[in-house]
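What follows is a single structure, written as structure tokens, with notes after it.
Throughout, protein chains are lettered first and strands after them, A, B, ... in sequence-line order, and every chain is numbered starting at 1. Both backbone and side-chain heavy atoms feed into the values below; hydrogens, waters and symmetry mates do not.
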Number of protein chains: 2
Amino acid sequence: MEKQTVTIYDVAREAAVSMATVSRVVNGNPNVKPATRKKVLAVIERLDYRPNAVARGLASKRSTTVGVIIPDVTNIYFAALARGIDDIAMMYKYNIILTNSDDAGEQEVNVLNTLMAKQVDGVIFMGNHIDDQLRAEFKRAKAPVVLAGTVDPEGDTPSVNIDYTAAVEETITALIKRGHTKIALALGPLSQSINAEYRLAGYKRALSKAKLPYDDSLVYEAGYSYDAGTKLQPVIADSGATAVFVGDDEMAAGIINASMESGVSVPDDLEVITSNDTIITQITRPAITSITQPLYDIGAVAMRMLTKLMNDKELDEKTVTLPYGIVRRASTKSAE
Amino acid sequence: MEKQTVTIYDVAREAAVSMATVSRVVNGNPNVKPATRKKVLAVIERLDYRPNAVARGLASKRSTTVGVIIPDVTNIYFAALARGIDDIAMMYKYNIILTNSDDAGEQEVNVLNTLMAKQVDGVIFMGNHIDDQLRAEFKRAKAPVVLAGTVDPEGDTPSVNIDYTAAVEETITALIKRGHTKIALALGPLSQSINAEYRLAGYKRALSKAKLPYDDSLVYEAGYSYDAGTKLQPVIADSGATAVFVGDDEMAAGIINASMESGVSVPDDLEVITSNDTIITQITRPAITSITQPLYDIGAVAMRMLTKLMNDKELDEKTVTLPYGIVRRASTKSAE
DNA sequence: GAGTGTTCTGTAATGGATTACACCAAACTG
DNA sequence: CAGTTTGGTGTAATCCATTACAGAACACTC
């Protein structure tokens with residue numbers, strides 16, 4: 001028992017009008033006599049007609065769908081952005097095609113191409129690194145692209161972020177003011193601009209302003225995971241650092257738990273500050289002081305920008321920087 | 001500078017063949033002379049032709065897109081399922097339209113309708129409750145629906161789950177064996193079948209098998225959040241319960257932290273067991289004993305079932321039950 | 001009542017593929 | 001070598017809407 005589809009033709013026939021008129025009614029075109037509109041709506045109701053979005057997309061060249069490329073939905077940070085994106089998309093009647101890229105360049109390019117083949121009206125890209133090939137694809141794409149929570153030092157592509165450099169500088173400066181001189185930096189891969197070109201820069205700037213020497217043996221490159229944190233902790237302990245800035249909340253949780261369990265007290269022996277203020281920062285004991293980011297808003301603003309671009313409007317600013325904050329929790333000592 | 005699109009027509013003209021032949025080449029139809037195929041592929045390469053998936057979808061009546069309805073992507077549990085879904089979907093060359101429903105019935109129906117309008121070839125539904133209206137929509141839909149991590153007591157719709165009742169029964173029985181007689185149950189809304197009809201049943205069964213009385217004042221209905229847990233903790237403490245089974249990991253984390261901070265020691269004064277084995281269970285101190293679920297696989301298997309249905313194949317079993325486990329962590333005492 | 005606008009509706013082209021069917025040529029059969 | 005397959009290719013209908021354009025109906029003006 002195939003369920004046959006009701007088309008605009010069927011409605012037109014039943015309502016004794018042309019399909020153009022039905023189309024007008026469906027799309028809310030005001031040039032329809034109220035009586036006709038009513039008649040058509042009645043038939044639509046009776047036949048339970050739903051316009052076919054694919055046919056509509058072909059005819060109108062707009063799919064009312066946007067592509068979202070995300071490294072991994074199970075990553076709380078990116079999932080929060082995705083939620084902001086989807087909410088705003090829904091508000092503007094767009095749907096989201098979501099695909100995981102695992103941060104792999106080749107996969108990202110592939111995904112972008114399938115998205116373009118599906119005629120998405122725009123793309124929101126989240127990732128940790130943008131290389132030349134990807135940048136080239138963005139340019140080649142016939143739909144606009146906006147980066148969310150993702151930096152591109154080249155700055156061609158519109159993007160929404162916080163000022164990572166300033167945030168790190170501020171936290172490191174606060175640590176220095178409290179007397180720390182050996183501050184470790186636990187980051188993800190330094191191949192990613194956010195680490196190598198933003199966070200590290202903030203760290204260096206804070207040191208240099210305080211006239212402290214930069215010691216690259218205090219900078220650690222690890223994975224974005226709890227286990228990476230537990231493994232890194234003894235190394236940090238050996239380094240003699242009395243404070244550490246961590247680039248990922250799960251990693252920070254690993255460092256904290258491993259510290260406490262090996263007799264290194266947080267915050268007395270080691271102060272810990274992390275980056276993303278996810279729920280994890282509230283769950284550890286001690287809870288973790290963190291940079292706060294308006295995650296949901298980063299996604300939401302990115303989507304808002306994309307809707308403008310999709311409607312050929314100008315952007316007020318291409319590179320949006322949202323405000324960050326810092327929440328003090330128990331993993332750092334209070335300022336004197 | 002509009003980027004003009006290359007169509008199958010352009011390729012046909014340049015390669016001096018008909019569009020049908022180009023279509024055959026693109027779709028890997030074997031009835032094409034190797035020489036012709038090569039010639040066409042060269043032109044495709046030269047013109048950088050990409051088939052328009054929308055046009056293809058209209059003509060072939062298959063969009064190679066499936067809809068995924070999720071309560072909230074930022075929920076780790078569902079996000080893990082979504083990841084499994086997407087990976088398998090990608091393996092079968094499908095894309096995912098993901099939409100958040102916030103578990104709201106009306107929204108779920110809306111979303112389902114837009115998905116059908118977009119001509120998705122199938123739908124994976126995740127949610128906490130399925131009411132009659134939703135069930136009716138599933139039936140009405142012209143594309144197959146599979147439930148992932150979502151129970152429907154009616155059992156009409158194919159689904160993938162673990163045996164929640166048995167899992168709860170097993171954990172409660174273990175607690176009873178260790179001597180507990182007052183065991184609390186902290187669940188999400190009892191309006192949801194998974195709580196009211198599965199977990200609660202397992203709890204009751206364990207009690208009755210042990211000939212312990214059922215006391216509904218030990219059953220708590222709360223939200224799926226950390227704060228809900230911290231708020232619930234004093235109530236549990238007052239009840240005199242010496243163990244608690246929790247339906248959500250964040251809630252469990254809240255209960256644990258609030259307990260420890262109010263001088264109720266976990267596991268000495270209160271043993272805690274939770275349900276989803278997310279990363280949170282490893283981060284709390286004590287870490288939380290949990291039922292383990294193959295989250296990724298639940299999503300993956302659901303998607304595999306859906307691909308079968310989309311290709312009009314029969315399902316081996318309509319209601320798939322994957323195995324669960326139990327990991328002991330520090331929030332429970334070891335068995336004697 | 002002719003002229004001029006509006007408002008409303010219909011006709012038909014269009015979007016970019018898939019695919020049933022027809023056809024011709026080459027290969028095979030007996 | 002006529003007859004039948006098989007392989008390779010093209011023609012044209014089809015999918016279901018949008019939309020430019022044309023035209024009809026009606027109201028209004030002088």
Can we say A:K318 and A:D156 salt-bridge, meaning some charged N sits less than 4.0 Å from an Asp/Glu carboxylate O?
no
Would you say the side chains of B:N311 and B:R62 form a donor-acceptor pair under 3.5 Å?
yes
Step through it carefully: locate the ring centre of A:Y77, locate the ring centre of A:Y224, and say whether they are under 6.0 Å apart.
no
Checking the side chain of B:N113 only, and the main-chain atoms of B:N110 only, is there a donor and an acceptor separated by less than 3.5 Å?
no
Any Lys/Arg nitrogen of B:D87 or B:R83 sitting under 4.0 Å from an Asp/Glu carboxylate oxygen of the other?
yes
Evaluate the side-chain proximity of A:L147 to A:F138: yes if any heavy-atom separation is below 4.5 Å, no if none is.
yes
Quickly, which of B:V11, B:V17, B:V32 forms a side-chain contact (heavy atoms from CB on, under 4.5 Å) with B:V25? Name it, please.
B:V32
Hey, does the side chain of B:D102 reach the backbone of B:A104 with a donor-acceptor pair shorter than 3.5 angstrom?
no
Contact string for nucleotides 5-17 of chain C, one letter per nucleotide 5' to 3', B = base within protein heavy-atom range under 4.0 Å, S = sugar-phosphate only, - = neither, reads ---SBBB---BBB
If the helix axis at each end comes from five base pairs, how far does the helix from C:dG1-D:dC30 to C:dG30-D:dC1 deviate from straight, to 10°?
40°
Might you work through the side-chain hydrogen bond (donor to acceptor under 3.5 Å, both in side chains) test for A:K118 and B:T64, ending with a clear yes or no?
CA-CA 10 Å; A:K118 294 235 163 158; B:T64 62; 3.2 Å; yes
Any protein N or O atoms within reach of nucleotides 26-28 of chain C? Criterion: under 3.5 Å, listing atom names and distances.
none

Could you tell me whether B:E14 and B:R46 make a salt bridge, using a distance below 4.0 angstrom between a side-chain N and a carboxylate O?
yes
